[in-house]
There are 2 protein chains.
Amino acid sequence: MAGILWSNDKEKGLMESVLGREALDFLHWFASNNVLSEFVAPGGDLGAQQGLFKIVEGSDWTYAIYWQVSKAKSGKSALVWGDGQCKEPKGSDVNGDNGSVNQMSVGVNQMKKWVLHRLHACFGGSDDDNVTHKLDSVSDVDMFYLTSMYYAYPFDKPSTPSQSFNSSRTIWASDTKSCLEQYQSRSFLAKAAGFQTLVFVPLKTGLVEIGSVKSITEDQHIIQLVRSLLGGVHAVQSKVAPKIFGRELSLGAAKSGPISISFAPKVEDAAGFTSDSFELQGLGASQVYGSSSNGYHSDDGEARLFPQADDQKPRKRGRKPANGREEPMNHVEAERQRREKLNQRFYALRAVVPNISKMDKASLLADAITCITDLQTKIRLLEAEKDITCDNQNNHASIDIIESRERPEDTVIQVSCPLEGHPVAGVIKALREHQIMEPKSDVSITENGEVLHTFSVQTKPGEAEELKDKLVAALGN
Amino acid sequence: MAGILWSNDKEKGLMESVLGREALDFLHWFASNNVLSEFVAPGGDLGAQQGLFKIVEGSDWTYAIYWQVSKAKSGKSALVWGDGQCKEPKGSDVNGDNGSVNQMSVGVNQMKKWVLHRLHACFGGSDDDNVTHKLDSVSDVDMFYLTSMYYAYPFDKPSTPSQSFNSSRTIWASDTKSCLEQYQSRSFLAKAAGFQTLVFVPLKTGLVEIGSVKSITEDQHIIQLVRSLLGGVHAVQSKVAPKIFGRELSLGAAKSGPISISFAPKVEDAAGFTSDSFELQGLGASQVYGSSSNGYHSDDGEARLFPQADDQKPRKRGRKPANGREEPMNHVEAERQRREKLNQRFYALRAVVPNISKMDKASLLADAITCITDLQTKIRLLEAEKDITCDNQNNHASIDIIESRERPEDTVIQVSCPLEGHPVAGVIKALREHQIMEPKSDVSITENGEVLHTFSVQTKPGEAEELKDKLVAALGN
DNA sequence: AGGAACACGTGATAC
DNA sequence: TGTATCACGTGTTCC
């Protein structure tokens, strides 16, 4: 009955009518397990804010969200709300059609605000920064956008965003159907808002989600724009679609763009697969993909999906006439299935192993082995690197208190830390290069949590401008 | 003729007689390709120095070296000399036997010093910090130790240290033979120094090599000691020896300890393997390991290494009587080899995939797939994390020059940077918690390149001591 | 040819 | 007794 997000069934029903069943379940699970509070709020990067603004402003995009990678103390990582930008789509009215603010829409509006208020409170927001107070009425786009703020995508659970990030593949869904599919648990809200296009652009430190109420076909320029605005130095290379045996794998949807994902590929469950579903992690068209190399299926007769020139060279296919006993026939069938399963695993392996040298099975295994070992060393190196920089940072932070001697009314604390890594190291080095050998500075803390270093250096008249240029050049901004 | 390390053949010969052929080649290759200068010198950590000292001092160990992971700008990583500790083994004399300093040993000594001098010069050391000046005579242990300083182990080349680090497995060689094997290109020097035990202990940020002129059997306590002294918080879990089908894999040498490595497992090359050698990466006893699941070999009759109760149940093994044509006979043989190769790959895959759920081939492939995807996401996350911290650090370094206004004789430069990540952030926070809201500090630079923050805060009498404790506690040291 | 790679049916084996 | 997996020889296809 009573949950965290609701206190009785009536409230639950109300929330469900606004958010949809799946979103409510999702958020309720989050709230119950305190998932969101595990992750540190990345603290809005101004660059991200500006970049998202540029994407949404003056374009057909309705909103843009930057999901950032965040790591919890528990070691789990997730994509959490980093920043966002949203606008009301042109030509749409806030309260549905025609602007007739009737009784019902007012009631709906009140419900939305109540739900948002509830969410805000449950996820640990204080009352005064509640954005709903400022909103006169809440549109469906607002509802979607504001609800998304409480979302997060842990990497240990499969989801479209995490998958896009992991594979570093852009996902572009430009028709209502596949678009809503990708929205997954947010699809109810997305449907209400009328989104027709959804794009996930993976970046180095997270990904950008952009959506539109219009249908926008895939455009590499927009992807590049997103990357250049938010991706640092667009270091995420745009991988070409993986091909296997020369054939493109993404046969699922129209265009070459969106990768349609079916999370529980229950196809041909009858064939006796165990519950593990490798054959197809995010690669459209399971039937074709999962089939054996010369496309025929064991059970059903709907086979021969490969372009094999119908009924030409049937070889010795087709079940044997079951000669004599039926015991060995079953055996043959079982063996067939075993082989097929193995082959499917081989295909799945081919899909995940990069740099496949030859299409040979043995070579594939060899490549897989080198791949694994390479990845392992890469991880070890990255971790070592991380630890080293951590140590350095700790060294920076590990400050020796040299002196703390008491005098009648005040205390002097001397703290020394290495120059290397100190925020003003660049300034000091630049000053030193300018023959200013003993730069001293006062340090004070501003009210907005910044440290202010004030250097006072002696310069010859006219030299100051040059010094300033040098400093700017030395600091690289 | 003329190289970087020598100017003529005579010099080359002299160096070779001191260093040995392989070490000379190794170092010459380094010097020629400027490998060492690529990597940043990690800058001696005092903790490491002390730890190594504690290991060597008062024990049977002759020396200890900390090899640290270092990353070049090119992206290549290597284990480079981090720090070291060395002592003259007890009971040994510096100049070989009996202390009779004859003409020859004096000459040898001169040669050693000349070689060290040469190495020192070639690897970019200045003349004044040349340690050979301080040494009266150079023992073989010294020679080994000082030469090792110019070593490095890039991860793209196979070597015992890099392999130990990668697999995070301790390597312990306690007999002269395997010991010298592990020394690889340093074996000539190691032999001269008389080392009988060599141990590599992998850590998070590198590894520790310890050696002794005595034969020391494997001792988990020493490994733990090394880890606790140098491994941060011994986060490198000591993996148990991998088992396959319940049998231990390390059959190579005596005891359960050392992993004997043969870098080009040329065994059964005759069987028609291609040059790729997966079947055995650092897992002793290639013959047993590489064989098919019920140990028989295709070509040679030296088979049946598995405990299979000799000549019991030969099944239908043994080549068929070659009935009729000999063509298909060749075919079956080829097929046999293909199968065997595939099986070997499967075995090799089993060796590198962690968390093997079932011994099934299909399950193995499934595990391999999840393994690869998991590793890939792990890498993506680590890299994202790295980038985020890099961004943060850059933000710390990216300082806005707020003001630089010129006055008659001096210039005021105001630099602001975020409090978060600032070295004195901890101090300031601690002070704030003590209701000292506006801590100001002078900053000056000491002559040894450190930044000195001097805080002057008002305290009530007797409060200073408490404040000091709080600060120490807040800074965690 | 003639090797390489694969799928297939079959017998054996372990639980 | 069925239900797995596995290895083997064979037929076939593609260079």
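Just so it is clear: chains get the letters A, B, ... in the order the sequence lines come, proteins before strands, and each one is counted from 1. Model, not experiment: these values are computed from the prediction.
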Novice: Side chains of B:Asn166 and A:Lys378: any donor to acceptor distance under 3.5 Å?
Specialist: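 Short answer, no.
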Novice: OP1 or OP2 of D:dT5 sitting under 4.0 Å from any side-chain N/O of A:Lys341?
Specialist: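 Looking at the OP1 and OP2 atoms of D:dT5, one of them is under 4.0 Å from a side-chain N or O of A:Lys341.
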Novice: Please report the distance, rounded to the nearest Å, between CD in B:Gln337 and P in D:dG9.
Specialist: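 Distance check: B:Gln337 CD to D:dG9 P gives 12 Å.
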Novice: In whole angstrom, what separates B:Leu365's CG from D:dC6's C1'?
Specialist: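 Rounding to the nearest Å, CG of B:Leu365 and C1' of D:dC6 are 14 Å apart.
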Novice: So, OP1 or OP2 of C:dA4: does either fall under 4.0 Å of a side-chain N or O from A:Lys361?
Specialist: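 Answer no for this pair, as no side-chain N or O of A:Lys361 is under 4.0 Å from OP1 or OP2.
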Novice: Between the side chains of A:Thr373 and A:Thr370, is a donor N or O closer than 3.5 angstrom to an acceptor N or O?
Specialist: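 No donor-acceptor contact under 3.5 Å links the two side chains.
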Novice: Quick check: on DNA chain D, is the nucleotide nearest B:Glu335 upstream (toward 5') of the one nearest B:Ala362, or the reverse? Name the residue that is more 5'.
Specialist: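 Its nucleotide being nearer the 5' end, the pick is B:Ala362.
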Novice: In this structure, how many angstroms lie between the P atom of D:dC6 and the CZ atom of B:Arg336, rounded?
Specialist: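 After rounding, the reported distance stands at 20 Å.
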Novice: Check the phosphate of D:dC8 against B:Arg339, side-chain N and O only, distance under 4.0 Å to OP1 or OP2. Yes or no?
Specialist: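 It does, given that an N or O in the side chain of B:Arg339 lies less than 4.0 Å from OP1 or OP2 of D:dC8.
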Novice: For the side chain of B:Asn343, starting at C-beta, report the closest nucleotide among C:dC6, C:dG3, D:dA7.
Specialist: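 Given the options C:dC6, C:dG3, D:dA7, the side chain of B:Asn343 is closest to D:dA7.
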Novice: Just the rounded figure in Å: distance from C1' of D:dA4 to CD of A:Glu333.
Specialist: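 Nearest whole value for this atom pair: 15 Å.
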Novice: Starting from P on C:dA4, measure out to CG on A:Asp360 and report it in whole angstrom.
Specialist: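 Answer to the nearest Å: 11 Å.
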Novice: State yes or no: are the ring centers of B:Phe155 and B:Phe165 separated by less than 6.0 Å?
Specialist: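 For B:Phe155 and B:Phe165, the ring centres are under 6.0 Å apart.
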Novice: For a quick check under 3.5 Å, do B:Asp175 and B:Ser178 share a side-chain donor-acceptor pair by atom type?
Specialist: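 On atom types as modelled, these side chains qualify, holding a pair under 3.5 Å.
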Novice: Output the rounded distance in Å from CE (B:Met359) to P (C:dA14).
Specialist: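 From B:Met359 CE to C:dA14 P: 17 Å.
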Novice: Could you check how far CD of B:Glu340 sits from P of D:dC6, rounded to whole Å?
Specialist: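 Rounded to whole Å, this separation is 16 Å.
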Novice: Side chains of A:Asp367 and A:Lys358, heavy atoms from C-beta outward: is any pair under 4.5 Å?
Specialist: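 Not touching, per the 4.5 Å side-chain cut-off.
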Novice: Checking only heavy atoms, does the side chain of B:His331 share a donor-acceptor pair with the base of C:dG3 at less than 3.5 Å?
Specialist: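 Not at all, since no donor on one side and acceptor on the other fall under 3.5 Å apart.
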Novice: Please give, in whole Å, the distance from D:dC6 C1' to B:Lys358 NZ?
Specialist: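 B:Lys358 atom NZ is separated from D:dC6 atom C1' by 14 Å.
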